[in-house]
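Below is one structure, written out as structure tokens, with a few remarks after it.
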Amino acid sequence: MQQIIYLAGGCFWGIQGYFDLLEGSLETKVGYANSKLHAPNYELVCSGESGAVETLELIYDEVVLPLEKILKHFFEIIDPCALNFQGNDYGTQYRSGIYVKDIEKLPLIRSFVKALQKDYHNPIVTEVKELENFFEAEEYHQKYLAKNPLGYCHIDLTKAEQNQKKF
């Protein structure tokens, strides 16, 4: 059965590149979530004016890639204690977050994050919220690392295969 979730963890190129490598990932798009402005572009998002966050829209097969596995993968590749940055990317558009349309998933996600806190000395600052909106990013951002294998990425994409075996 197909499900959808929105994940933000720094530059969306790396999040998309990672989740594209996982079994059960059916379709991905990158875009801008929870914007105060309608249909922001990259320049507006980078300015901070939109309040949007660079986000991955992940459509997945919940039998092959259940929500708990998605969360495990996600927290393996981000620093959930980093406020408004990941790797070398700084700004509110790079904050980490998990967003859903189906608010019935929020208690499970919040419970997962709460249990994960014991593994960290600093507070986890990853947002867990209902998705307000999602605007697809410009075409040149879609599958960027597949088109530009030497492009910058704060995520080690080789971890996808390792973590898939682990989880």
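- In this structure, Ser25 contributes its side chain and Phe19 its backbone to a donor-acceptor pair below 3.5 Å.
- Glu54 places a side-chain N or O within 3.5 Å of a backbone atom of Phe12 that can act as its donor or acceptor partner.
- Gln142 contributes a side-chain N or O that, together with a main-chain N or O of Ala137, makes up a donor-acceptor pair within less than 3.5 Å.
- Ring planes of His73 and Phe167: perpendicular class, angle over 60° (limits at 30 and 60°).
- The nearest pair of heavy atoms linking Phe85 to Gly87 is CD1-O, 3.9 Å.
- With Glu57 contributing its side chain and Leu7 its backbone, the two residues share no donor-acceptor pair below 3.5 Å.
- Atom NZ of Lys114 is surrounded by 12 or fewer heavy atoms from other residues, nucleotides or ligands within 6.0 Å.
- For Lys143, the NZ atom is densely surrounded, since the number of other residues' heavy atoms within 6.0 Å is greater than 12.
- The backbone N or O of Leu108 sits nowhere less than 3.5 Å from a side-chain atom of Ser111 that would complete a donor-acceptor pair.
- The hydrophobic cluster containing Leu22 does not contain Ile4, counting ILVMFWY residues as joined when their side-chain heavy atoms lie under 4.5 angstrom apart, directly or transitively.
- To the nearest 0.5 Å, the span separating CD1 on Ile109 from CD on Glu104 amounts to 12.0 Å.
- Scanning all heavy atoms of the two residues, the minimum distance from Gly151 to Leu145 falls at O-CD2, 3.7 Å.
- Note: the hydrophobic cluster containing Leu37 does not contain Leu131 (ILVMFWY, side chain heavy atoms under 4.5 Å, direct or indirect links).
- Considering every non-hydrogen atom in both Tyr60 and Lys105, the closest pair reads OH-NZ, 3.6 Å.
- Of all heavy-atom pairs spanning Gln16 and Tyr144, the tightest one is OE1-N, 4.2 Å.
- Looking at residues two or more places apart in sequence or on another chain, you find no salt bridge (charged side-chain N to carboxylate O under 4.0 Å, His left out) involving Glu130.
- Using a 4.5 Å heavy-atom threshold, the side chains of Asn41 and Phe135 count as separate.
- Counting all heavy atoms, side chain and backbone alike, Leu65 lies closest to Lys69 at CD1-CB, 4.1 Å.
- Within the 4.5 Å cutoff, the side chain of Tyr18 has no heavy atoms near those of the Thr28 side chain.
- Atom CD of Gln2 has 12 or fewer heavy atoms from other residues, nucleotides or ligands within 6.0 Å.
- Counting only distance, with no hydrogens or angles, the side chain of Asn163 and the backbone of Lys166 share no donor-acceptor pair below 3.5 Å.
- At a cut-off of 3.5 Å, with distance as the only test, a side-chain donor of Tyr99 or Glu127 sits close to an acceptor on the other residue.
- Residues His154 and Asn88 fail the side-chain proximity criterion, which asks for heavy atoms closer than 4.5 Å.
- We find the CD-CG distance between Glu76 and Asp156 to be 11.5 Å, quoted to the nearest 0.5 Å.
- Grouping the Ile, Leu, Val, Met, Phe, Trp and Tyr side chains by contacts below 4.5 angstrom, directly or via other members, places Phe112 with Leu106.
- Rounding to the nearest 0.5 Å gives a distance of 14.5 Å between CD1 of Ile103 and NZ of Lys129.
- Side-chain contact between Ile78 and Ile15 is present, with at least one heavy-atom pair separated by less than 4.5 Å.
- Within the 4.5 Å cutoff, no side-chain heavy atoms of Arg110 are placed close to those of Val113.
- A salt bridge links Lys72 with Glu68: the closest approach of a Lys/Arg side-chain nitrogen to an acidic carboxylate oxygen falls below 4.0 angstrom.
- Hydrophobic clustering (side-chain heavy atoms under 4.5 Å, transitive across Ile, Leu, Val, Met, Phe, Trp, Tyr) keeps Tyr152 apart from Ile77.
- Ring geometry for Tyr140 against Tyr42 counts as perpendicular: the plane angle is over 60°, on a 0 to 90° scale with 30° as the lower cut.
- The closest side-chain donor-acceptor pair between Asn34 and Tyr6, if any, does not fall under 3.5 angstrom.
- More than 12 non-hydrogen atoms from other residues, nucleotides or ligands lie less than 6.0 angstrom from CD of Glu136.
- A distance of 12.0 Å separates CD1 in Ile98 from CG in Leu58, rounded to the nearest 0.5 Å.
- A 4.5 Å side-chain heavy-atom check between Val53 and Gln93 finds every atom pair outside the cut-off.
- By the rule that hydrophobic residues join a cluster once side-chain heavy atoms approach within less than 4.5 Å of another member, Phe134 and Tyr32 end up as members of separate clusters.
- Nearest heavy-atom pair across Glu23 and Gln164 is N-OE1, 2.7 Å.
- Between the side chain of Gln86 and the main chain of Asp79, a donor-acceptor pair closer than 3.5 Å is present.
- Here the side chain of Thr126 pairs no donor or acceptor atom with the backbone of Ile124 at under 3.5 angstrom.
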